[in-house]
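The structure under discussion appears below in the form of structure tokens.
So you know, we letter chains A, B, ... as the sequences are listed, proteins then strands, and number each from 1.
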2 protein chains.
Amino acid sequence: MRPTVNDIAREAGVSLATVDRVLNARPGVREKTIKAVNDAIARLGYVRDLSAANLARSRTYRMAVVLPDTESQFVQTLADTFREAGHLAATTRIDLTLHRFPSEDPHALAAMLLELPARGHAGVALMAPETPVLRDAVRALRSRGLPVVALVSDLPNTARDHFIGTDNRAAGRTAGVLMGRFLGGGPGQVLVLGSSLLARDMIERRRGFDEVMLRDFPGIEVLQSLETHGSGRTLRQVVTEMLANAPDVRGIYAMGDGHRALTQALQEMGLSGKLTVICHELTPHTRKALLAGEITAVIAQNPGHLARSTLRVLRAKVDNLPLDEGQEQIRIEIVLRENLPPGPDDSRDSATGLPAAAP
Amino acid sequence: MRPTVNDIAREAGVSLATVDRVLNARPGVREKTIKAVNDAIARLGYVRDLSAANLARSRTYRMAVVLPDTESQFVQTLADTFREAGHLAATTRIDLTLHRFPSEDPHALAAMLLELPARGHAGVALMAPETPVLRDAVRALRSRGLPVVALVSDLPNTARDHFIGTDNRAAGRTAGVLMGRFLGGGPGQVLVLGSSLLARDMIERRRGFDEVMLRDFPGIEVLQSLETHGSGRTLRQVVTEMLANAPDVRGIYAMGDGHRALTQALQEMGLSGKLTVICHELTPHTRKALLAGEITAVIAQNPGHLARSTLRVLRAKVDNLPLDEGQEQIRIEIVLRENLPPGPDDSRDSATGLPAAAP
DNA sequence: CACGAAATGAGGTACGCACCTCAAAATTGC
DNA sequence: GCAATTTTGAGGTGCGTACCTCATTTCGTG
């Protein structure tokens, strides 16, 4: 049987009230007594029963998840996952609220963030580009005691409590090796697309990609990054133009979103399945494109893991508890058609485990 | 505020005792009343407060994890992970016991399993090859009400409650695409090694691998599987002999363990880094070999996830609760040097994120 | 309608902890 | 050594649920 507060009281030779005072850092206990209690705790190996504690407190953790209102399928999926996780989290006394902010308006974001403490939020998870206004807002939140965790894209200069997401540079490197090896080391050219070339995650991915290409695959020429500004139209235009003029392009690395526009452009040019296409994030669309052979590989982070990890980390930070680093490591997943996890609407050939369409 | 049992009683117009009888499926309630209570539950959206329930039950779940006593690093890692998870699990009232059995003695395994219920175990997770004796033992356990989950390697003919692990055929397919693409589609030969060619997981991996190679990479010749019987000496002998006589071998797919012997043999022949080597499971050794460029890719399943998932599933099965399928899906991870998650004893070059050794 | 059986109600205790009050004891300052 | 102050003890209540007992009501049946 695990020791309880009563055992500690007995062991330390004090009353239950004193143990309680020490455990919950209430005032009015001599240093000497505090030590005696802590010694007893150490001796017995006592661990507070968190569920009982929370039950007694009848406490609910009000957490805010703040995402941009991009139409990107990845962000949508993430939002859905959080919503779902929020329902399940009710069991753990977590009350999740999802907030979206206009992706191009850092001031609106900051204003929204600063309202959170007044609304009783105890912690914030935030996916947003780092701007000066944001830095100030995060600092303000933290000084009010709210833990802030960065989501997907890190905010290294804000003293956020934690970052939950993949190492984007390593992700770029991974895309690099795959591209290089899939192209047999060259020769050929590779196109790189990014929604915004200024965003921190794009920069890091590009950096990792270039690193590997330069070092390990000198026979492959990586063309200048093309910016799509998150617009499908721009993307199609840019890609079509580029491919028409560069017959040696054998691979495309899409660092941001806009996969729909990309596959569509490729289809129109009759290039579907003829190029090595690597992109990020597993969404309904990239799933389909993978299965159809239009996309070769997807570098992904698991939204379910992201969401669950976020809740665990926020909770731990609020309670000031240590966390299991291993569990909170978000892996850089490589998804090919062959290891695509079964999805919700999956009609695969039960014999081969693959769709009818030939590779 | 979430509704409680008292709210249900009021809403359904019955007493608390009756609600309790319905909730815990105790006898002595008319169908009609049961329906009334369930309707009230549905109307209020009541969800049982699990932590309070477990507190009241003051129940500890005694779970058994049964692993072979192989010296394989993967099994060792798995055992360590379970041991570690067991400590953490104390918080969730789970009392974990690790059992090992002589891997070549199915009868000893069966005997061990049959002892578990008497020792108060409430659930069993089992990693073992399927044999007739085992089938009987599993059936016996289940008829006594103990949920049994298969670990890593499925036991499809035993009516186990759940399988926790990757789809080995899909894993084999994944190895196949990687091999095929990394070899540029051929020409060349590929060597396949397996510890035991009769084990179900080996058969499935091989099947998946062949499927992809035959269909997508006809230019690559897959040689007959070599059996190593889990012995490092046999492996070295077989590999050395084979490589000496087959100069066209450009890739090796190691389906089982024995990576130490393999990399050693390659080193001795001066072939380190010159072949495409794909193997399974991330262990201290495969990590090192990946970093050193001796192994090209590792197909892995995350032991931490495996362990946590096992505990969650067992608990859910014991309590007869539904599970979050998405969370329990064990992914087929592809690990390259570039996306190798940071390990415990990692001394990487902080600039490149890679070790000093050139590729 | 009466009888036994089945269904239900009322109420209590416990789980491990948080949080509160009030009195008693120990310590401090003077 | 006394009063003022700080520290400690004893005890209670509640969180939401499980599980138990014993009375009371309702039901089906002859």
Inset, instruction - Kindly write out the residues that satisfy side chain to side chain contact (heavy atoms under 4.5 Å, CB included) with B/Arg62, not counting sequence neighbours, or none if the list is empty. - result: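 With sequence neighbours excluded, B/Arg62 shows a side chain to side chain contact (heavy atoms under 4.5 Å, CB included) to B/Asp95, B/His121, given in chain and number order.
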Legend entry - 5′-ward residue of the pair B/Arg21/B/Ala52 relative to DNA chain C: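 The answer here is B/Arg21.
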Legend entry - Along DNA chain C (nearest heavy atom to each residue), the more 5'-positioned of B/Ser15 and A/Ala56: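 Of the two residues, B/Ser15 wins.
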Inset, instruction - Strictly below 4.0 Å, heavy-atom distances to any atom of DNA chain C: list the hits from residues 37-46 of chain A, or just say none. - result: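 A/Tyr46, in order of number.
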Inset, instruction - On DNA chain C, reading 5' to 3', which nucleotide is the first and which the last to sit with an atom under 4.0 Å from a heavy atom of chain B, could you check? - result: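 Contact span on the strand: C/dA7 to C/dG16.
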Inset, instruction - Indicate, with a heavy-atom threshold strictly under 4.0 Å, whether B/Ala53 touches base, sugar-phosphate, or nothing. - result: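 Counting heavy atoms under 4.0 Å across all strands, the contact made by B/Ala53 is with sugar-phosphate only.
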Legend entry - Any residue of residues 22-36 of chain B with a heavy atom less than 4.0 Å from an atom of DNA chain D: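 Nucleic-acid contacts, sorted: B/Asn24, B/Arg26, B/Arg30.
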Legend entry - B/Glu281 and B/Gln301: side chain donor to acceptor below 3.5 Å: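 Yes, B/Gln301 and B/Glu281 have a side-chain donor paired with an acceptor closer than 3.5 Å.
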Inset, instruction - Name all residues meeting the side chain to side chain donor-acceptor pair (under 3.5 Å) criterion together with A/Gln329; count only those two or more places apart in sequence or in a different chain, and write none if there are none. - result: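 In terms of side chain to side chain donor-acceptor pair (under 3.5 Å), with neighbours along the sequence ignored, A/Gln329 is linked to no residue.
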Inset, instruction - Could you tell me whether A/Lys35 and A/Asp39 make a salt bridge, using a distance below 4.0 angstrom between a side-chain N and a carboxylate O? - result: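 Yes.
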Inset, instruction - Specify the closest pair of heavy atoms between A/Leu134 and A/Ala128, including all atoms of both residues, with the distance to one decimal. - result: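 Taking A/Leu134 first and A/Ala128 second, the nearest heavy atoms are CD2-CB, 4.2 Å.
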Inset, instruction - Using the heavy-atom set of chain A and a strict 4.0 Å cut-off, write down the first and last nucleotide of DNA chain D that makes it in, 5' to 3'. - result: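 For DNA chain D, the relevant span reads D/dT7 to D/dG16.
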Inset, instruction - Would you indicate whether the side-chain heavy atoms of B/Leu155 and B/Val148 approach each other to under 4.5 Å? - result: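 A side-chain contact is absent here, since even the closest heavy-atom pair is not under 4.5 Å.
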